[in-house]
Amino acid sequence: MNERGFIDFRSDTVSQPTAEMRRAMFEAEVGDDVYGDDPLTNELERVAAEILGKEAALFVPSGTMANQLGVLVHTQRGQEIILGSSAHIFVHEVGGAAVLSGVSMKTLDFAGDLPELSKIEAAIRADDIHEPETSLICLENALSNGRVVPLSIMQEVYELAKSRHLSVHLDGARLFNAASFLDLDVKEITQYADTVNVCLSKGLCAPVGSIFAGPAALVKRARKWRKLLGGGMRQTGILAAPALLALLEMPGRLPEDHANAAYLADKLDGIDAVSVLTERRDINMVFFRIDGEAELLKRLPELLAADKILINGQESNGEWRWVTHRDIDRSDIDLAVKKLSELV
Ligand SMILES: Cc1ncc(COP(=O)(O)O)c(C=O)c1O
């Protein structure tokens, strides 16, 4: 339960900054990041690059901006990028890749959204005057369907990309969740991407911000694009202070969120009308279906909100998604599952 008394399953983005983060924000020494002299932002970018195994890193306001910077630095107008048809960059970023980078998006339907090498290889354009030029492959790990992409798949896609002189951008919004599930250092995952987005404001609890990381020359270009997009910020130390804590202190507690998601899945499965999609339960997300009257299902978010339990509505494919994070413990889960079982 968060400080306002809500049990909020809508996403891990709703997780609130810790008391330590709020204190660090209050005490942050600040400069002006557009002048490059905000000390905590510089420190954050240095530490992030080191943790992610990249030459340089850039603090940006959101994961969406970090992903769009990835597309911007790897492409030229008229080129094409390859990505899964459920990729956040394609589905949830307002078509930004087409608007900002002027690229077309070649989307591929992968079984379970796990990248399939043969489909990617077949989608790389030939050297033909009629076709756009392929320049970038975008991967996501963890996937927003709750699964983690095995390292071997990342490696084979990266090797294919390099053999065809293509770049790879990794949308690692939940990279630390993936690393925790795979029991790997994040560097072992990021070695298979040229650039990476990592969100600090999801399960890691920072109030704001993502990291874009990669080779120094590309991060330099991304810094300029960030300015063009209006993302050059000033006294960013106030945001870098909690972001540093997110990066350094919070990855270690993600297994707790994953274990709570397993607990939630188990409890939900105990309700007759509910069936949990267990094969997609790798991280802090539980997907399930509810067998019930359409009218009742439509009203579920409103009915649970009366008890300060917040959920998203049913997704267009009929699934429900509940997400665990630091502000949800097992007693919250017990209470929410009890309320849901009473309703369905
Ligand atoms: C897989 C994935 N990528 C990128 C983002 C974008 O992050 P932001 O909301 O900070 O723009 C999200 C946000 O939920 C996400 O789930």
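In listed order, ligands and their atoms are each counted from 1.
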* Taking atom types as modelled, find out whether Y263 and D334 have a side-chain donor-acceptor pair closer than 3.5 angstrom. => yes

* To do: Using distance alone, with no hydrogens and no angle criterion, decide if T236 and T41 have a side-chain donor and acceptor under 3.5 Å apart.
  => yes

Are the charged groups of [X] and [Y] less than 4.0 angstrom apart, N to O?
X    : Y    : result
E20  : R23  : no
K298 : E293 : no
E3   : R22  : yes

* **Neighbouring residues of ligand 1, heavy-atom cut-off under 4.0 Å** => S62, G63, T64, N67, H88, E93, E140, D171, A173, R174, C199, K202

* Can you label the angle between the F288 ring and the W322 ring as parallel, tilted or perpendicular, going by 30° and 60°? => perpendicular

